[in-house]
Q: 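One structure, as structure tokens, below. Some questions next.
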Amino acid sequence: MAKLLVRGPSKLLKGEISVCGSKNAALPAMASSLLFVDEPRGTEFKNLPDIEDVRRMWELLDGIREGNIDSEIAKKIRASILVVGPALARFGSVVFPHPGGCLIGARPIDVFLEGWKAMGAELSLCSSTSDIVHSIPFYKLRATNGLHGCDYAFRIPSVTGTEGLLMTAVLAEGNSVLRNCAMEPEIAALANFLNENGARIYGAGTHTIKVEGRGGKLLKFFAPYQNPPDRIEAGSLAILGGVLAERLVIRNFPSEELPSLLASLKKTGVNFKTENGDFIVERQKKLSAIDIKTKEYPGLATDLQAPFTVLATQADGASMIHETIFEGRLNYVEDLKRMGANIVLCDPHRAIVYGKTSLKGCRLEGPDLRAGLAFIIAALLAEGESQIGNVYQIDRGYERIDDRLRAIGADIRRIN
Ligand code: EPU
């Protein structure tokens, strides 16, 4: 099993690093290829990141046979839920296991299931295919009389839920109105791609999305999909620069998609500026504590919470970290405490970080990709060597992170 060896405290990082293509925009766009006449490779995808989740998504799409989704892959990746809607719309029925993924909370799929039912699909639990050993339920959705448009309100705004139902509605008969939708930029990127290829989706990126259904008529490929830069990777690199860089230039930086993070960084005293799409950041020796609260877009992304918590360990005073989206997303805090951070976990959603503290190297296991990157930042700040195991989790979402960080001066290498 590969490990990352990270040695700190890093000499200050310096140079240029480019933000790769967005993972969370790429995955739904790839899944949407099932809506096209020549799925899945008849469409052209530009700027996809070279990461494990993208590889898993190709394998998943290649393995779909008449609405049967490969359960071994689907159990590994939460984003497998993204192929369910398009597969249902294309094949009229679909069998799939409860999606797997990282351990950041319960992650139910009720809002998806309710939405597909509102479009006329019948839901059953397949007891014959249930993975009894791991007690993972398998679901079957069947649209015996085809799918029809619906007026559906999300109980809570779900990002992949919005993407999944939007894609299904494209092939349904008649019009759909989706209400209380998530507004993350990845949803607008998906809708733009589909609209350029004949779909009629209005309002993506707002809370209400309208879709004119095509009555089962598949899309024809005209325009390639241009994947945007990854706003989460960009934000994480900005945080890294704020605690570790002499001068770091981050290329392809989508600053318009990071309003809340940039406001928070400014408040802590991180020194940065944007220039022609570049983000230039310098470490500030004295950072101020700050309270943050994760929120749906355009609020502070939950995916940036763990790196921000590491930054808070370097700020003077008490910072409250309030994670509102996932109940398991502060689990990594215990590991930061082993590294010497002074953090009080009040409950599964709130932690108080007292800074500034010196960190020391440790053996760590990346529980999910975002905490994994936070561990890399912490390890670069820490005295001595750290070993970060479970690198697969980090490789799921960050392209060659070790090589790219080494190129800007980080002491990080991979061992097998
Ligand atoms: N939820 C339900 N029922 C559902 C669906 C969601 O209760 O049927 C709850 C979740 O448990 C959570 C909240 O709704 O409390 C929001 O979850 P959401 O569905 O929006 O999350 P997601 O679509 O599964 C995407 C990203 C995540 C990111 C979240 C929040 C992708 C592939 N994943 O997940 O990214 O954290 O939105 O912004 O787009 C990551 O990249 O590391 C990652 C976890």
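Whatever order the structure lists ligands and atoms in, that order sets their numbers, starting from 1.
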Q: Thr160 heavy atoms, cut-off 4.0 Å: which ligand 1 atoms fall inside?
A: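 Near Thr160, meaning under 4.0 Å from one of its heavy atoms, ligand 1 has 22 (P), 23 (O), 24 (O), 31 (C), 32 (C), 39 (O).
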Q: Sort out for me which residue in Ile377, Leu237, Val243 forms a side chain to side chain contact (heavy atoms under 4.5 Å, CB included) with Pro307.
A: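 Single side chain to side chain contact (heavy atoms under 4.5 Å, CB included) partner of Pro307 among Ile377, Leu237, Val243: Ile377.
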Q: With no hydrogens and no angle check, is any side-chain donor or acceptor of Glu385 less than 3.5 Å from a backbone partner on Gln387?
A: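 Looks like no, no N/O pair under 3.5 Å.
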Q: Please work out which of Arg370, Lys295, Arg78, Arg329 has its closest non-hydrogen atom nearest to atom 44 (C) of ligand 1.
A: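 The nearest heavy atom belongs to Arg329.
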Q: Between Asp50 and Arg55, does at least one N-O distance fall below 4.0 Å, as a salt bridge requires?
A: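 Salt bridge: yes.
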Q: Could you list the residues that satisfy salt bridge (Lys or Arg N to Asp or Glu O under 4.0 Å) with Glu16, not counting sequence neighbours?
A: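 Once residues adjacent in sequence are excluded, the partners of Glu16 under the salt bridge (Lys or Arg N to Asp or Glu O under 4.0 Å) criterion are Arg251.
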Q: Would you mind listing every salt bridge (Lys or Arg N to Asp or Glu O under 4.0 Å) that reaches into residues 17-28, with sequence neighbours excluded?
A: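 Sorted result for residues 17-28: Lys23-Asp53.
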Q: Considering only heavy atoms from C-beta outward, does the side chain of Arg404 approach that of Glu233 to under 4.5 Å?
A: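 SC-SC contact between Arg404 and Glu233 confirmed.
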Q: Would Gly161 count as being in polar contact with ligand 1, using the rule that some N or O on each side must be under 3.5 angstrom apart?
A: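 No; every N/O pair is 3.5 Å or more apart.
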Q: Any sub-3.5 Å donor-acceptor pair from Glu196's side-chain atoms to Phe222's backbone N or O?
A: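 It does not hold such a pair.
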Q: Checking the N or O distance criterion of under 3.5 Å, is ligand 1 in contact with Asp303?
A: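 Right, the criterion is met.
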Q: Return the option from Asp230, Asn24, Leu304 holding the heavy atom at the smallest distance from atom 26 (C) of ligand 1.
A: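 Residue with the shortest heavy-atom distance to the ligand atom: Asn24.
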Q: With a cut-off of 4.0 Å, which atoms of ligand 1 are near a heavy atom of Val159?
A: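 Per the distance check, 18 (P), 19 (O), 20 (O), 23 (O), 25 (C), 37 (O), 38 (O).
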Q: Within the 4.0 Å heavy-atom shell around Lys23, which atoms of ligand 1 are there?
A: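 Counting from 1, the qualifying ligand atoms are 40 (C), 41 (O).
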Q: Measure the distances from the heavy atoms of Glu327 to every atom of ligand 1 and state whether one is below 4.0 angstrom.
A: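 For ligand 1, residue contact (heavy atoms, under 4.0 Å) with Glu327 is absent.
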Q: Taking the side chain as every heavy atom from C-beta outward, state whether Thr302 and Arg329 have any pair of such atoms under 4.5 Å apart.
A: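 Of all side-chain heavy-atom pairs linking Arg329 with Thr302, at least one is under 4.5 Å.
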Q: Determine whether any heavy atom of Pro108 lies closer than 4.0 Å to an atom of ligand 1.
A: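 A heavy atom of Pro108 does come that close to ligand 1.
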Q: Please name the residue in the list Asp402, Leu369, Ile401 that meets the side chain to side chain contact (heavy atoms under 4.5 Å, CB included) test with Ile394.
A: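 Passing option: Ile401.
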Q: So does Glu52 pair up with Arg56, basic N to acidic O under 4.0 Å?
A: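 Between Arg56 and Glu52 there is a salt bridge, with a charged N closer than 4.0 Å to a carboxylate O.
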Q: Tell me, please: is Gln393 in heavy-atom contact with ligand 1, that is, under 4.0 Å?
A: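 For ligand 1, residue contact (heavy atoms, under 4.0 Å) with Gln393 is absent.
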Q: Looking only at heavy atoms, is any part of Asp110 under 4.0 Å from ligand 1, and if so is it the side chain, the backbone, or both, or is it neither?
A: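 Both backbone and side chain.
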Q: Does ligand 1 have a heavy atom under 4.0 Å from the side chain of Phe326, from its backbone, from both, or from neither?
A: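 Phe326 to ligand 1: side-chain contact only, backbone stays beyond 4.0 Å.
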Q: Which of the numbered atoms in ligand 1 are below 4.0 angstrom from a heavy atom of Arg155?
A: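 Numbered from 1, ligand 1 contributes 2 (C), 3 (N), 7 (O).
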Q: With respect to Val111, determine whether any N or O atom, backbone or side chain, lies less than 3.5 Å from an N or O atom of ligand 1.
A: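 Yes, there is a polar N/O contact under 3.5 Å.
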Q: Closer than 4.0 Å to some heavy atom of Leu369 - which atoms of ligand 1 meet that?
A: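 Once the distances to Leu369 are compared, the set is 42 (O).
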